[in-house]
Amino acid sequence: MSSFRPRRAPAAQPGPRDDDATRADAETTTCAGVGLPATARVLFAVVHASGGLARGLGVATASRLATGMYQVVFDQDVTAAGYVGTVGLPGSTGVAPCGKIVVAGRTGIPNAVFVSTFADDGRPADRPFHLAVLA
């Protein structure tokens, strides 16, 4: 049995003020000297909880080091890159188990990223994940 309840409209963004567009145009920058070079690549890896590589771009290998600890090796140096990780299933359907993820450059291996995954209670736990590297 369905019930009828009025739904609230989603909150809309406020409209820009008269000078907002002009100020935004004046504030654009190329960030020259900061950040990634123009030759930067986007690399990624999708990894099973067991440490096996599901798929990726520019990724050489993925492996599980211990409970909730992984190493993902790429085909280039990623020491100056930006890393973004999220707990997520390797397939296209289903819901990933709840958890947390921490990513960092791999100590002593310039073309690798270290990933730690945790259960919601903070204990190390094996979780599937997606990793993006802006190198």
Check: residues 77-90 side-chain donor-acceptor pairs under 3.5 Å, at least two apart:
residue: Asp77; atom: OD1; partner: Thr79; partner atom: N; Å: 2.7
residue: Asp77; atom: OD1; partner: Thr79; partner atom: OG1; Å: 2.6
residue: Tyr83; atom: OH; partner: Val78; partner atom: O; Å: 2.6

Name the atoms and distances for all side-chain donor-acceptor pairs under 3.5 Å in residues 105-113, with sequence neighbours left out.
residue: Arg106; atom: NE; partner: Gln71; partner atom: OE1; Å: 2.7
residue: Arg106; atom: NH2; partner: Gln71; partner atom: OE1; Å: 3.3
residue: Asn111; atom: ND2; partner: Phe74; partner atom: O; Å: 2.8

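Looking at every heavy atom in both residues, Gln76 comes nearest to Ala135 through NE2-CB, 3.3 Å. Summarising the geometry of Met69 relative to Ser116, their closest heavy-atom pair is CG-OG, 4.4 Å, with the distance given to 0.1 Å. Minimum interatomic distance between Ala62 and Leu53 (heavy atoms only, all atoms of both residues): CB-CB, 4.2 Å. Contact between Val72 and Ala45 at its shortest, heavy atoms only, is CG1-CB, 3.8 Å.
Checking side-chain atoms of Ser63 against main-chain N and O of Gly51 turns up no donor-acceptor pair under 3.5 Å. For the pair Asp75 (side chain) and Val59 (backbone), a donor-acceptor distance under 3.5 Å is absent. Between the side chain of Tyr70 and the main chain of Gly52, no donor-acceptor pair closer than 3.5 Å is present.
In this structure, CG on Leu131 lies 7.0 Å from CD1 on Ile101, to the nearest 0.5 angstrom.
Residues Val42 and Phe44 fail the side-chain proximity criterion, which asks for heavy atoms closer than 4.5 Å. Side-chain contact between Ser50 and Pro128: absent, with no pair of heavy atoms (C-beta onward) separated by less than 4.5 Å.
Hydrophobic clustering (ILVMFWY, side-chain heavy atoms < 4.5 Å, transitive): Val46 and Leu57 are in one cluster.
Annotation for Asp121: atom CG counts as buried by contact number, over 12 foreign heavy atoms lying within 6.0 Å.
Looking at Arg127 and Asp120, no side-chain N of the basic residue comes within less than 4.0 Å of a carboxylate O on the acidic one, giving no salt bridge.
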Could you check Lys100 against Thr117 for side-chain contact (heavy atoms from CB on, under 4.5 Å), going step by step and ending with a plain yes or no? CA-CA 6 Å; Lys100 299 172 184 165; Thr117 58; over 6 Å; no
